*Asks:* 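This structure is in structure tokens; I'll ask about it shortly.
Predicted model, so just to flag it, every value in this text is computed and none were measured. Throughout, a chain's letter reflects where its sequence line sits, starting with A, and its residues are numbered from 1.
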Amino acid sequence: MQIGDIAQHDGQEVTVRGWLYNRTDKGRLQFLLVRDGTGIAQCVAFKKELPPEVFEIAQELTQESSIMITGTVRADDRAPGHPGGFEIGITHLELIQMADEYPIQPKEHGVEFLMDNRHLWVRSLRQWAILRIRGTIINTIRNWLDEHGYLLVDTPILTPAAGENTTTLFEIDYYGEPAYLAQTGQLYNEANMAAFGKVYCFGPTFRAEKSKTRRHLMEFWMVEPEMAFFSLEDLMDMEEQFISAIVQTVLEKHRMELDILERDTSRLENIVPPFPRISYDEAVERLKQRLEEIDDPERKAELAITWGDDFGSPHETELAEMFDRPVFVYNYPTAAKAFYMQPVEGRPEACRSVDLLAPEGYGEITGGSERIYDPELLKERVDEIGIDPENYAWYLDLRRFGTVPHAGFGLGVERTVAWICGLPHIRETIPYARMLNRFYP
RNA sequence: UCCUCAGUAGCUCAACGGCAGAGCAUUCGGCUGUUAACCGAAGGGUUGUAGGUUCGAAUCCUACCUGAGGAGCCA
């Protein structure tokens with residue numbers, strides 16, 4: 001039996017294989033909290049009802065010892081667990097291994113200690129809940145896209161040049177040539193888009209930025225859809241459907257996990273289309289208005305803004321707090337964005353780009369745009385920013401052979417998990433976080 | 001890279017210029033309904049590293065190391 005299905009086994013004799021999560025020693029009565037990966041169940045051993053050698057094992061079990069338990073499931077309101085309300089009256093208990101003294105206790109620990117013990121920390125209840133939700137989010141991303149006519153077309157991780165010129169890359173040695181870990185699959189996506197219409201890539205992405213915040217990882221997962229004949233408006237329509245489906249699926253499948261995380265789910269129920277849409281111009285105006293209401297000089301300096309500045313995270317948080325669901329901000333200044341973004345008609349200083357800001361201070365979870373499809377203009381932009389056109393020859397080629405208007409975006413999986421789970425830090429949203437100065441274990 | 005804060009028992013913390021302490025974990029004893037159980041006992045320390053001030057430093061000063069929070073950059 002799997003503990004997750006315990007309610008369907010009331011009154012039956014079952015066998016559970018797993019690990020001891022915690023034990024309460026009441027002398028002739030032992031409460032064993034056992035986890036098997038699908039849930040946690042209380043197993044009860046009475047001295048009177050068991051052979052002495054079996055009870056003795058129950059009495060001596062250490063935290064995280066591996067065991068096999070046979071017993072009868074019974075409903076009992078007092079029984080803790082996930083799901084709770086049922087417990088197993090032990091009739092037989094077999095020890096697989098008596099675990100050494102386990103470092104992580106069911107109590108508060110510091111971040112450094114927990115990260116050093118991440119290989120064990122993933123067994124803990126909160127981490128179990130988070131990573132199960134992550135699994136569902138990833139699964140939903142793929143299902144939704146597959147069901148809506150998108151084809152998964154993988155893009156390379158080892159690449160010969162920068163995807164964009166703006167961020168730092170991890171360089172590696174490729175048989176004597178420099179190569180870089182991919183920071184986006186987007187340029188390849190554009191080639192694939194012309195072959196399959198609607199495509200997406202989904203994989204790890206690497207950024208060697210020296211970022212040290214609750215929102216950054218050096219290695220993170222990103223899904224990047226790219227669609228032929230899509231306008232910026234089409235893109236926003238699609239994104240709000242897509243994001244809403246992810247949130248609603250988690251709500252449907254993971255009430256128990258959200259409960260473990262003490263997530264306020266009323267904030268998530270709101271996440272349905274349509275999402276508010278404001279232009280960058282309007283966003284700047286709203287921030288300026290907001291600034292007039294603020295007296296604290298430090299806060300004022302943080303939120304100061306003039307047209308042309310990219311938003312920092314204080315700006316994003318402030319904007320997002322004005323709405324009860326994610327908000328699209330579109331038409332950013334061209335100078336603040338990547339070279340391949342389509343200019344706004346008659347207004348070259350702004351481009352057809354759109355970021356989606358999550359509520360509750362979680363910041364940018366998607367970033368996308370219409371791409372330049374005119375070959376001359378794209379060539380101009382490549383020359384302008386001074387990157388070597390030779391590295392981009394194949395990319396420029398795409399505009400010579402049947403170029404079409406198209407658009408796409410990238411969604412950061414970990415930021416999405418952090419937002420949906422209501423976590424203060426992104427490091428718990430990925431099994432093994434790679435951060436500045438930390439890549440063990 | 002910049003700013004701020006913190007490193008004391010396996011873990012979480014106290015002691016803030018005068019004997020190095022508690023809870024949890026571990027070991028031993030007690031308890032038939034615990035929810036991070038409880039009660040009693042025991043073991044456990046080069047106070048991050050190096051230097052300095054002082055009769056005396058975990059405590060004050062300097063440098064370094066490690067970590068955390070924030071900024072920038074971004075998903």
*Asks:* Which is more 5' along RNA chain B, the nucleotide nearest A/Asp77 or the one nearest A/His216? Just name the residue.
*Replies:*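 Here A/Asp77 is the residue nearer the 5' end.
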*Asks:* Given B/rG67, B/rC73, B/rA71, which nucleotide is nearest the side-chain atoms of A/Arg438?
*Replies:*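 For A/Arg438, the side-chain atoms sit closest to B/rG67.
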*Asks:* For B/rA58, which nucleotide in any strand shown is its Watson-Crick or wobble partner with both distances under 3.5 Å?
*Replies:*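 Matched B/rA58 with nothing under the 3.5 Å cut-off.
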*Asks:* Nearest of B/rA71, B/rA75, B/rU32 to any side-chain atom of A/Arg28?
*Replies:*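 Between B/rA71, B/rA75, B/rU32, the one nearest the side chain of A/Arg28 would be B/rU32.
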*Asks:* Can you identify which nucleotide, out of B/rG69, B/rG23, B/rU34, has its nearest atom closest to the A/Arg214 side chain?
*Replies:*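 Within the option list, the nearest is B/rG69.
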*Asks:* Would you tell me if any nitrogen or oxygen in the side chain of A/Arg427 comes within less than 4.0 Å of OP1 or OP2 on B/rG69?
*Replies:*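 Checking A/Arg427 against B/rG69: at least one side-chain N or O falls below 4.0 Å of OP1 or OP2.
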*Asks:* Closest-nucleotide mapping onto RNA chain B: is A/Gly312 or A/Gly110 further toward the 5' terminus? I mean the 5' end.
*Replies:*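 The 5'-side residue here is A/Gly110.
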*Asks:* In whole Å, measure the gap between the P atoms of B/rG18 and B/rA57 for me.
*Replies:*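 It comes out at 12 Å once rounded to the nearest Å.
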*Asks:* Are any non-hydrogen side-chain atoms of A/Arg74 and A/Glu87 less than 4.5 angstrom apart?
*Replies:*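 Yes, at least one pair of side-chain atoms sits under 4.5 Å.
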*Asks:* What nucleotide, of B/rA36, B/rG33, B/rA71, holds the atom closest to the side chain of A/Pro314?
*Replies:*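 Nearest to the side-chain atoms of A/Pro314, counting from C-beta on, is B/rA71.
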*Asks:* Report yes if a side-chain nitrogen or oxygen of A/Thr213 is closer than 4.0 Å to either non-bridging phosphate oxygen (OP1 or OP2) of B/rA71; otherwise report no.
*Replies:*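 So the side chain of A/Thr213 is outside the cut-off, no N or O lying under 4.0 Å from OP1 or OP2 of B/rA71.
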*Asks:* Which nucleotide, in any strand shown, forms a Watson-Crick or G-U wobble pair with B/rU4, with both distances under 3.5 Å?
*Replies:*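 By the stated definition (distances under 3.5 Å), B/rA68 pairs with B/rU4.
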*Asks:* State which of B/rC73, B/rA25, B/rU34 makes the closest approach to the side chain of A/Pro80.
*Replies:*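 Of B/rC73, B/rA25, B/rU34, B/rU34 is nearest to the side chain of A/Pro80.
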*Asks:* Once you apply a heavy-atom cut-off of 4.0 Å, does A/Glu87 come out as touching a base, just sugar-phosphate, or nothing?
*Replies:*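 Base: the residue A/Glu87, judged by heavy atoms under 4.0 Å, touches a nucleobase.
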*Asks:* For B/rU49, give the paired nucleotide (Watson-Crick: N1-N3 plus N6-O4 or O6-N4; G-U: N1-O2 and O6-N3; both under 3.5 Å), or none.
*Replies:*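 Result: B/rA63.
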*Asks:* Look at the side chain of A/Glu112 and decide which nucleotide, out of B/rG67, B/rU34, B/rG69, has an atom nearest to it.
*Replies:*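 Ranking B/rG67, B/rU34, B/rG69 by closest atom to the A/Glu112 side chain puts B/rG67 first.
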*Asks:* Which one, B/rA36, B/rA75, B/rG33, comes nearest to the side chain of A/Leu217?
*Replies:*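 Closest of the options to the side chain of A/Leu217: B/rA75.
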*Asks:* What integer number of Å spans the P atoms of B/rA58 and B/rU46?
*Replies:*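 Here B/rA58 and B/rU46 have their P atoms 13 Å from each other.
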*Asks:* Measuring from the side chain of A/Phe31 (C-beta onward, heavy atoms only), which nucleotide among B/rU34, B/rG23, B/rG72 has the closest atom?
*Replies:*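 Taking heavy atoms from C-beta onward, the closest nucleotide is B/rU34.
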*Asks:* Test side-chain contact (heavy atoms from CB on, under 4.5 Å) on A/Phe242 and A/Phe409 and set out the steps.
*Replies:* CA-CA 12 Å; A/Phe242 179 57; A/Phe409 70 97; 3.9 Å; yes
*Asks:* Does B/rG33 have OP1 or OP2 under 4.0 Å away from a side-chain N or O of A/Thr24?
*Replies:*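 No, A/Thr24 has no side-chain N/O under 4.0 Å of OP1/OP2 on B/rG33.
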*Asks:* Roughly, in whole Å, what's the span from CD in A/Glu64 to C1' in B/rG10?
*Replies:*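 These atoms are roughly 16 Å apart.
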*Asks:* Nearest to the side chain of A/Glu209, which nucleotide is it out of B/rA68, B/rC74, B/rC11?
*Replies:*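 Nearest to the side-chain atoms of A/Glu209, counting from C-beta on, is B/rC74.
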*Asks:* Report the distance from atom NZ of A/Lys212 to atom C1' of B/rC73, rounded to the nearest whole Å.
*Replies:*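 In whole Å, B/rC73 C1' and A/Lys212 NZ are 15 Å from each other.
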*Asks:* Among B/rA36, B/rG10, B/rU32, find the nucleotide with the atom closest to the side chain of A/Gln105.
*Replies:*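 Selected nucleotide (nearest to the side chain): B/rG10.
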*Asks:* Return the pairing partner of B/rG40 with a 3.5 Å limit on both distances, Watson-Crick or G-U wobble; otherwise return none.
*Replies:*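 Base-paired to B/rC28.
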*Asks:* Determine which nucleotide pairs with B/rG23, using a 3.5 Å limit on both distances of a Watson-Crick or G-U wobble pair.
*Replies:*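 Because both required distances fall under 3.5 Å, B/rG23 counts as paired with B/rC11.
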*Asks:* Is the side chain of A/Thr70 donor-acceptor paired with the backbone N or O of A/His92 at a distance under 3.5 Å, no angle test?
*Replies:*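 A pair under 3.5 Å: no.
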*Asks:* Looking only at side-chain N and O atoms, does A/Arg78 offer a donor or acceptor that is under 3.5 Å from a partner on A/Gln42?
*Replies:*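 Short answer, no.
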*Asks:* Just one of A/Arg371, A/Gln186, A/Lys198 clears the side-chain hydrogen bond (donor to acceptor under 3.5 Å, both in side chains) bar with A/Glu226, so which one?
*Replies:*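 Only one option passes, and that is A/Arg371.
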*Asks:* Are any side-chain N or O atoms of A/Glu240 and backbone N or O atoms of A/Phe275, one a donor and one an acceptor, separated by less than 3.5 Å?
*Replies:*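 Yes, the answer is positive, given that a donor and an acceptor are paired below the 3.5 Å cut-off.
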*Asks:* Less than 4.0 angstrom between a side-chain N/O of A/His425 and OP1 or OP2 of B/rG69, yes or no?
*Replies:*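 A/His425 to B/rG69 OP1/OP2: side-chain N or O found under 4.0 Å.
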*Asks:* Write down the distance separating the C1' atoms in B/rC38 and B/rG33, rounded off to the nearest Å.
*Replies:*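 Going atom to atom, C1' in each nucleotide, I get 13 Å.
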